[in-house]
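Residue numbers start from 1 in every chain, and the chains themselves are labelled A, B, ... in the order their sequence lines are given, proteins ahead of strands. These numbers were taken from a predicted model, which means no experiment stands behind them.
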Amino acid sequence: MSALLEVRGLSVRRGQLLALRDLSLAVEAGRVVAVIGANGAGKSTLLEAVAGLLRPERGGVVLDGTEVTALPAHRRLRLGIALVPEGRRLFPSLSVRENLLTGQYRRRPGPWDLPAVYALFPWMADRAAQRASALSGGEQQAVALGRALLANPRVLLLDELSLGLAPAVVATVYRTLPQVVAQGTGVLLVEQDVSLALRRADEVHCLLEGRVELSGSPADLSARQIETAYFGIRRESA
Amino acid sequence: MIWVDAVLQGVLVGGLYALFACGLSLMFGVMRIVNLAHGDFAVLAAFLAYSLISASGVNLLYAALLTVPVFAGFGYLVQRGLLNRAISSGPLPPLLATFGLSVVIQNSLLQGYTADSRALDPGRIGTASLRLSGQISLSYLELLILGLAVLVLGGLELYLRRNRTGRMLRAAADDRDAASLVGGDPRHLYGVATAIAFGTLALAGLLFAARSSVAPSSGPSELLFGFEAVVIGGLGSLWGTLLGGIALGIAQNVAGQADPAYTLLAGHLLFLLVLILRPEGLLPRRSVTA
Ligand SMILES: Nc1ncnc2c1ncn2[C@@H]1O[C@H](COP(=O)(O)OP(=O)(O)OP(=O)(O)O)[C@@H](O)[C@H]1O
Ligand SMILES: [Mg+2]
């Protein structure tokens with residue numbers, strides 16, 4: 001049986017730099033896969049290539065058996081790949097509600113609609129008419145997540161939901177993950193915050209300079225192993 | 001009383017300036033494209049309608065009902081076939097492309113129609129007017145043009161706020177990649193923006209020719225009025241553009257009342273004054289309350 005999302009031998013160039021080298025991983029429906037790594041390890045590059053914003057130099061992306069490597073981002077969304085990008089990337093001149101509605105532009109049929117998102121984040125309905133740029137960082141992150149959910153994705157890509165947010169705020173945003181996964185959506189998330197990723201994920205890949213250094217379930221990985229892979233200590237001493 | 005009349009005439013022509021300028025503002029707002037051929041396309045629309053009317057004998061209304069949608073479709077094709085390619089390689093290529101189109105259109109019109117100016121006959125409405133007092137009368141045609149301008153600008157505003165594709169145009173204006181991440185094809189959305197711009201510029205071109213006349217070389221000066229209306233009103237706000245067009249019309253007509261030689265100069269001076277004193281325009285984009 002093939003996985004919901006498969007990344008096969010992906011290499012992506014950014015300028016001169018080969019930011020991702022021959023990377024493979026898979027995400028099953030209803031599972032959370034986390035990719036951790038230091039600054040510049042290539043985490044965002046991976047998600048942008050999966051979402052279709054970047055073209056790989058080699059390798060491919062397969063969604064439920066369908067090769068999508070040649071498709072641009074808007075076509076991949078329609079097939080069910082949604083990205084919550086790093087830095088949230090809300091539409092600053094649109095209201096909160098309008099930002100959410102853009103998520104429905106090419107939605108697939110599914111459980112997520114405006115009332116469902118408002119039920120997930122009750123404060124949002126009260127502030128629907130406010131400009132998105134007037135929200136706090138955590139609130140913006142929640143809107144970005146809501147916008148992606150409204151497309152009813154089969155695979156949800158999350159790029160550093162925790163970036164720049166207070167731990168309590170991060171916890172509220174991440175608390176929504178089980179509800180998302182319960183619908184059968186596969187989640188591929190990227191974090192610099194290792195302990196957060198280990199707590200939330202079923203499977204973790206540690207990325208170092210564009211390569212997977214270490215993979216496994218959080219329970220099987222020791223702190224020492226992860227530290228080594230994260231900072232690349234072994235490599236430097238070798 | 002003649003001053004009141006000058007102000008009223010300015011308001012009337014200002015609506016037409018705004019109708020002409022809204023596409024300019026839309027294309028710049030959504031794609032950061034300055035369409036240097038905007039005025040020439042409007043003139044082209046007027047000349048094509050002129051030929052259509054002389055060849056088939058239909059009236060101006062039917063010519064407009066045909067020309068406007070054809071130009072909207074033409075705009076979509078120009079965007080997808082030419083301008084989308086040009087913007088992918090930086091801000092300069094689209095500027096050069098539209099400049100090239102401007103030259104090509106002007107020369108083709110000169111070839112096909114000579115340098116003479118032409119007017120479109122609006123029919124009976126062109127001669128009737130509403131007499132308010134001894135010295136003040138408002139032409140029904142010009143009232144109709146102002147009404148059309150307000151209707152089109154209001155409809156466009158509503159489209160951008162309430163329609164799902166209209167909303168995506170604003171989203172793509174904010175962040176093109178983020179728009180594609182929610183399923184919007186930027187090339188298509190850009191095509192829609194240019195289609196709207198071409199539809200409105202065609203209507204404005206026909207109305208220019210109906211209230212006075214146009215010549216193959218009129219495009220650049222119309223373009224200048226359009227720019228001035230947009231900048232005076234404040235970029236990115238349609239009601240601002242209407243206000244800008246009206247302010248421009250009033251300045252031109254009041255100065256022209258004093259001395260016809262000052263008509264255009266007064267418009268340019270107002271434009272410069274706004275640039276210096278209030279560079280964000282009279283009515284800049286306000287916060288959303290959707
Ligand atoms: N637009 C770009 N042009 C050229 N190089 C880039 C670009 N964006 C990122 N890079 C480089 O690609 C590499 C991977 O960057 P990427 O953003 O994927 O890392 P990341 O793991 O997401 O880091 P962070 O944790 O800081 O978000 C880095 O070395 C970065 O400098
Ligand atoms: Mg990143």
Side-chain angles (χ1 to χ4, degrees), chain A residues 44 47-48 50-54 71-108 127-134 140 143-153 156-159, chain B residues 25-26 28-32 79-80 84-85 87-89 156-193 234-241 280-281 283-290:
Chain A
S44 297
L47 293 195
E48 284 173 29
V50 172
L53 288 178
L54 292 174
L71 301 180
H74 65 272
R75 297 278 303 283
R76 293 193 200 187
L77 179 108
R78 293 168 201 192
L79 293 175
I81 301 180
L83 167 65
V84 179
E86 184 174 280
R88 310 180 264 275
R89 305 279 287 267
L90 292 182
F91 304 113
S93 70
L94 272 59
S95 70
V96 170
R97 181 166 175 277
E98 287 178 319
N99 265 281
L100 292 172
L101 288 175
T102 60
Q104 292 192 333
Y105 179 60
R106 288 287 185 250
R107 71 193 296 247
R108 298 157 31 80
R127 308 188 57 184
Q130 279 184 18
R131 211 188 251 253
S133 51
Q140 288 191 17
V143 174
L145 179 59
R147 182 177 70 180
L149 287 175
L150 281 166
N152 282 304
L156 183 62
L157 312 172
L158 306 173
D159 197 342
Chain B
S25 171
L26 188 67
F28 183 76
V30 174
M31 308 166 272
R32 301 281 175 267
Q79 183 65 42
R80 297 226 43 170
N84 275 344
R85 254 163 258 223
I87 35 178
S88 62
S89 26
L156 187 52
E157 175 86 16
L158 217 58
Y159 174 77
L160 293 175
R161 302 224 157 266
R162 299 268 180 269
N163 179 278
R164 52 204 292 279
T165 308
R167 193 182 301 126
M168 285 303 293
L169 292 183
R170 289 161 56 219
D174 275 355
D175 188 333
R176 178 193 159 116
D177 277 349
S180 76
L181 286 175
V182 294
D185 178 357
R187 290 167 308 170
H188 170 68
L189 292 171
Y190 287 5
V192 171
L235 222 80
S237 143
L238 286 171
W239 295 125
T241 301
E280 73 276 20
L283 201 70
R285 190 189 204 117
R286 57 203 149 59
S287 59
V288 282
T289 44

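For the set B:A179, B:P186, B:A178, B:A172, the count of heavy-atom pairs under 4.5 angstrom toward chain A peaks at B:A178.
Heavy atoms only, all atoms of each residue included: A:A51 and B:L181 are closest at CB-CD2, 4.0 Å. For the pair B:V182 and A:Y105, the tightest heavy-atom approach, listed with the atom from each and the gap, is O-CB, 4.1 Å. Closest of all the heavy-atom pairs between B:R161 and A:E98 is O-OE2, 3.7 Å.
Contact annotation for B:R176: neither backbone nor side-chain heavy atoms come within less than 4.5 Å of a heavy atom of chain A. Within the 4.5 angstrom heavy-atom criterion, no atom of B:L160 approaches chain A.
Side-chain contact between B:M168 and A:R106 is absent, with no heavy-atom pair separated by less than 4.5 Å.
Of the candidates A:R88, A:R147, A:R89, B:D175 forms a salt bridge (Lys or Arg N to Asp or Glu O under 4.0 Å) with just one, namely A:R89.
More than 12 heavy atoms of other residues, nucleotides or ligands lie within 6.0 Å of CZ in B:R32, so this atom counts as buried by the packing criterion. Atom CZ of A:R75 is surrounded by 12 or fewer heavy atoms from other residues, nucleotides or ligands within 6.0 Å.
A distance-only check finds no donor-acceptor pair linking the side chain of B:R167 to the backbone of A:T102 [under 3.5 Å].
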